[in-house]
Colleague: 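Once you've had a glance at the structure underneath, I'll fire off some questions.
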2 protein chains.
Amino acid sequence: MAQYTFRTRSSDCPYELAIGLVSGRWKPRLLEVLKDETLRYGDLKERLKPVSDKVLSAALDDMTRNGLISRTAFAEIPPRVEYALTPQGESLLEALGPLRDWARTENGR
Amino acid sequence: MAQYTFRTRSSDCPYELAIGLVSGRWKPRLLEVLKDETLRYGDLKERLKPVSDKVLSAALDDMTRNGLISRTAFAEIPPRVEYALTPQGESLLEALGPLRDWARTENGR
DNA sequence: CGGCATCCACACGGATACTG
DNA sequence: CAGTATCCGTGTGGATGCCG
C-alpha cells in the first residue's frame, strides 16, 4: 500500500496541496470519468486505456486515501469492486473547471 | 536549457495540460510572488528560499518557454534580469483560484 | 475479476562548485 | 548578479507476470 505519496511536500501552500492531489498521469481523468457514474475496476481500466494495473491501482489508492474517491468491495465470486466520487472529489472536480477552461482557450482546444 | 519537460505527455486532456504547467515544487509560488510585482532573479530566490539555483532557473525556463512569464535581461554590469507575469500567466493564476480555495476549505488551512 | 510483486527507465528536486 | 555544470537520491510511470 501507500506506494506513492505526493512529490511535493504539500507544504503550507494551498496551490501545491491541491495540485499534488491531482498530479499524476491519470488522476484528472479518473475524476472526470467518475463524474456521473459509479464504475468497476475493469470499467476504469477500459476507459483510461492504455493504463497499467500498477499505475491505475496506485492512483485509485492515493485518491481513496485522500478522500476523493470511495471504494466499495463486494464479497462475491467473482469479486466486484466499485469506485465513485466522494463529495470532496466532486467539489475538487468543480474547482478544476476554470483550469480546464483556461487550457482550452489559451491553448486552443 | 530545457532540462525538464512535462512528466505527463500533456496529451489531449486539458486538465493534464494545465496541471502540467504548474506541476513542480516552485511553480505555483512563482506565479504568486510575481502577481503584482516585477522581480529580479535574486529577489525570487530570496522569496522562495530555500530553492536551489538549478531548480529555480529550470522552473523559470519552463514557464518562460510556456509563455507564463516574461524574462527581460539588461546589458549592464552587474547583470540585471527581471521576471514578470505575462497576461497568460495572470489568467492562469486566476484560474488557479478555485483550486486554492478548495484546498483551504477542504483541508482547513 | 481485481488486483499486487518485480523490474526497469527516467524525470525531477536538491547540493555543491564554478563562471561570464 | 545571474545563472550553468555535475553528481546524486528518489519519485513515478510502465511492462510483465502471478495470485486469491
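Predicted model, so just to flag it, every value in this text is computed and none were measured. Letters go in sequence order (proteins before strands), and every chain restarts at 1.
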Colleague: Counting heavy atoms from C-beta on, name the nucleotide in C:dG3, D:dA2, C:dA15 closest to the side chain of B:Ser52.
Modeller: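 The closest nucleotide is C:dA15.
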
Colleague: Could you tell me how far apart A:Asp61 (CG) and D:dT12 (P) are, to the nearest whole angstrom?
Modeller: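 To the nearest whole Å, that distance equals 14 Å.
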
Colleague: When you check the phosphate oxygens OP1 and OP2 of D:dT10, does a side-chain N or O of B:Arg25 lie under 4.0 Å from one of them?
Modeller: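 B:Arg25 to D:dT10 OP1/OP2: no side-chain N or O under 4.0 Å.
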
Colleague: Checking contacts here: which listed nucleotide (C:dG3, D:dA2, C:dC1) is nearest the side-chain heavy atoms of A:Val81?
Modeller: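 Nearest to the side chain of A:Val81 among the choices is C:dG3.
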
Colleague: Counting side-chain heavy atoms from CB outward, which of C:dG14, C:dG2, D:dG3 is closest to B:Tyr83?
Modeller: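 In terms of side-chain proximity for B:Tyr83, the closest of C:dG14, C:dG2, D:dG3 is D:dG3.
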
Colleague: Can you confirm whether A:Leu85 sits close enough to A:Ile69 that some side-chain heavy atom of one is under 4.5 Å from a side-chain heavy atom of the other?
Modeller: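 A side-chain contact under 4.5 Å exists here.
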
Colleague: Below the 4.0 Å mark, does C:dC12 have OP1 or OP2 next to a side-chain nitrogen or oxygen of B:Trp26?
Modeller: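 Indeed not, no polar side-chain atom of B:Trp26 lies that close.
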
Colleague: Could you give the CG-to-P distance, from B:Asp62 to C:dA11, as a whole number of Å?
Modeller: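 To the nearest whole Å, that distance equals 13 Å.
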
Colleague: Taking only heavy atoms on the protein side, list every residue of residues 38-50 of chain B lying under 4.0 Å from any atom of DNA chain D, sorted numerically.
Modeller: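 Nucleic-acid contacts, sorted: B:Arg40, B:Tyr41, B:Gly42.
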
Colleague: Whole angstroms only, please: what is the CG-C1' distance between B:Leu56 and C:dA15?
Modeller: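 For the pair B:Leu56 CG and C:dA15 C1', the rounded distance is 15 Å.
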
Colleague: Just so I know, are the side chains of B:Arg29 and A:Glu16 near enough to count as touching, which here means a heavy-atom distance under 4.5 Å?
Modeller: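 Of all side-chain heavy-atom pairs linking A:Glu16 with B:Arg29, at least one is under 4.5 Å.
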
Colleague: Judged by atom type as modelled, is there a donor-acceptor pair below 3.5 Å linking the side chain of A:Thr64 to the main-chain atoms of A:Ser70?
Modeller: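 No; zero donor-acceptor contacts below 3.5 Å.
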
Colleague: Looking only at side-chain atoms of B:Asp53, point me to the closest of C:dG13, C:dG2, D:dT4.
Modeller: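 Of C:dG13, C:dG2, D:dT4, D:dT4 is nearest to the side chain of B:Asp53.
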
Colleague: Is A:Arg80 near enough to C:dG2 that one of its side-chain N or O atoms lies under 4.0 angstrom from OP1 or OP2?
Modeller: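 For A:Arg80, the contact criterion (side-chain N or O under 4.0 Å from OP1 or OP2 of C:dG2) is not met.
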
Colleague: Between B:Asp62 and B:Arg65, is any pair of side-chain heavy atoms under 4.5 Å apart?
Modeller: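 They are in contact (side-chain heavy atoms under 4.5 Å apart), so the answer is yes.
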
Colleague: Can you find a donor-acceptor N/O pair under 3.5 angstrom joining the side chain of B:Lys54 to the base of C:dG13?
Modeller: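 Side chain to base: pair found, below 3.5 Å.
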
Colleague: Starting at the 5' end of DNA chain D and moving along, which residue's nearest nucleotide shows up first, A:Pro79 or A:Ser23?
Modeller: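 Residue closer to the 5' terminus by nearest nucleotide: A:Ser23.
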
Colleague: Round to the nearest Å and state the distance from A:Lys27 atom NZ to D:dG11 atom C1'.
Modeller: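 In whole Å, D:dG11 C1' and A:Lys27 NZ are 11 Å from each other.
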
Colleague: Compare the minimum distances between each of D:dG14, C:dG2, D:dG3 and the side chain of B:Ser57, then state the nucleotide with the smallest one.
Modeller: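 Output: D:dG3.
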
Colleague: Distance check needed: D:dG3 P versus B:Leu60 CG, whole Å only.
Modeller: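 It is 7 Å, rounded to the nearest whole Å.
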
Colleague: Looking at side-chain heavy atoms only, is the closest gap between A:Tyr15 and B:Lys27 below 4.5 Å?
Modeller: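 No, too far: nothing below the 4.5 Å cut-off.
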
Colleague: Would you check if the side chain of B:Thr38 reaches a backbone N or O of B:Glu82 as a donor-acceptor pair within less than 3.5 Å?
Modeller: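 Looks like no, no N/O pair under 3.5 Å.
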
Colleague: Quickly work out the B:Ile69 CD1 to D:dG3 P distance and round it to whole Å.
Modeller: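 Atom-to-atom, B:Ile69 to D:dG3, this comes out as 12 Å.
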
Colleague: Would you check if B:Tyr83 and B:Leu30 make a side-chain contact, meaning some heavy-atom pair closer than 4.5 Å?
Modeller: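 With C-beta onward as the side chain, the pair stays apart.
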
